[in-house]
Amino acid sequence: MAASYTHDTPPADPHAEDEAPRRVMRPARRDAWTKSLMAAFLRELTASQSVAQAARSVGKSRQSAYRLRARLKNTPFDLGWETALEAGLSQLAHAMLDRAINGVEVPHYYHGQRIGSHRVYDERLAIWIAENPWRIGRHQIAREYSAEGWDRLLDRIEHGPLEWEDGEPVPGRDPVEPETAERAETQFLLRSWYADPAQAGPPATAPGYPPRGHRR
């Protein structure tokens, strides 16, 4: 496949009017992610819960997606990835309920012909995940908080800067100003599943993502 290039035209030299402008040729990055691609990837990740499938949907590889996340650690995109994972846990709960009630059909074959089936109800791994969701992912309370403002978070990823701005509120259920964000997050902790002391697992982080004192 031929390499593609972008063209940068330098400012014209006023003392060389007759000289044709020179073009600087530089290779375009094959692994480049636009913010629109990031948002589209996260939408597909939420629906499919497959990093490989979500990456293919935007013309990227699974490895490229993981490299992007590593490069954008503690950014809105990183939080979007976590929030997509929270949606997956909800999907798992529905799938577990379906399998608990209906089981999983296992066909029986004899000489290549299907002769019957039986149903299996082994859900040990799914049950463990459902009972230990705080062990899945990185920022459980933050993703639970932003799951309520998923569209707002995607809009922030697609149209805002890559990094968090100083004092910027984390997208949640309702739009808030920087001066009221801390109060909104504190109120959320009162109803957060992950922060509920009655649950077996400890809360991983407060909703602020990253903590306000560590934002650049």
Side-chain angles (χ1 to χ4, degrees), residues 1-9 23-96 98-99 104 123 125-126 128-130 132-165 168 170-172 194 204-205 207-210 214-216:
M1 179 181 295
S4 59
Y5 292 86
T6 56
H7 299 80
D8 291 334
T9 304
R23 290 186 174 182
V24 179
M25 306 288 287
R26 57 187 178 90
R29 287 184 54 192
R30 296 186 179 184
D31 198 30
W33 284 74
T34 65
K35 288 184 285 187
S36 294
L37 286 180
M38 293 179 195
F41 166 83
L42 292 174
R43 289 188 181 94
E44 180 60 29
L45 181 61
T46 301
S48 68
Q49 293 300 307
S50 168
V51 175
Q53 179 175 326
R56 284 196 302 270
S57 74
V58 296
K60 302 295 182 181
S61 68
R62 177 177 179 271
Q63 293 79 6
S64 174
Y66 278 112
R67 285 195 298 269
L68 178 68
R69 189 186 187 190
R71 189 165 69 247
L72 296 182
K73 183 178 180 180
N74 287 348
T75 65
F77 175 80
D78 191 25
L79 177 57
W81 191 308
E82 282 290 304
T83 306
L85 176 60
E86 182 70 15
L89 292 174
S90 296
Q91 294 176 27
L92 173 63
H94 288 290
M96 285 176 58
D98 177 42
R99 290 195 294 269
V104 177
E123 293 290 333
L125 176 59
W128 182 88
I129 295 174
N132 299 274
W134 48 83
R135 298 188 182 184
I136 308 299
R138 303 175 182 174
H139 300 275
Q140 292 82 348
I141 296 179
R143 74 188 185 214
E144 183 188 17
Y145 181 77
S146 284
E148 297 182 347
W150 176 235
D151 290 335
R152 194 172 294 109
L153 175 60
L154 286 178
D155 184 72
R156 167 62 180 80
I157 292 168
E158 186 169 2
H159 300 106
L162 289 177
E163 301 286 345
W164 293 108
E165 296 182 328
E168 178 184 357
V170 175
Y194 289 109
T205 61
Y209 180 92
H214 293 82
R215 293 186 186 164
R216 293 189 297 171

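Side chains are part of it too, since the values below use all heavy atoms of this structure and drop only hydrogens, waters and symmetry mates.
- Note that CG of D155 is 10.5 Å distant from NZ of K35, once rounded to the nearest 0.5 Å.
- The two residues S48 and Q53 come nearest to each other via the heavy atoms CB-NE2, 3.5 Å.
- Note that CD of E82 and CZ of R69 are 5.0 Å apart. Values are rounded to the nearest 0.5 Å.
- Closest approach of A65 to W81, counting heavy atoms only: O-CZ3, 3.6 Å.
- Note that CZ of R143 and CG of L85 are 4.5 Å apart. Values are rounded to the nearest 0.5 Å.
- For the atom pair CG of L153 and OG1 of T83, the computed distance is 5.0 Å after rounding to the nearest 0.5 Å.
- Although no hydrogens or angles enter the test, the distance criterion places a donor-acceptor pair under 3.5 Å between the side chain of R156 and the main chain of P161.
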Exercise. With side-chain contact (heavy atoms from CB on, under 4.5 Å) as the test, would you mind laying out the steps for L154 and R43 before giving the verdict?
Key: CA-CA 8 Å; L154 286 178; R43 289 188 181 94; 3.5 Å; yes
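- Rounded to the nearest 0.5 angstrom, D78 CG and L162 CG are separated by 12.5 Å.
- The shortest side-chain heavy-atom distance between W164 and P76 falls under the 4.5 Å cut-off.
- Heavy atoms only, all atoms of each residue included: Y194 and L89 are closest at OH-CD1, 3.5 Å.
- Here the NZ atom belonging to K73 is positioned 14.5 Å from the CG atom belonging to L68, to the nearest 0.5 angstrom.
- Nearest heavy atom pair, residue S64 against residue W33, reads OG-NE1, 2.8 Å.
- In plain terms, the two heavy atoms of T46 and A84 that are nearest each other are OG1-CB, 3.5 Å.
- In terms of heavy atoms, P171 sits closest to S146 at O-OG, 2.7 Å.
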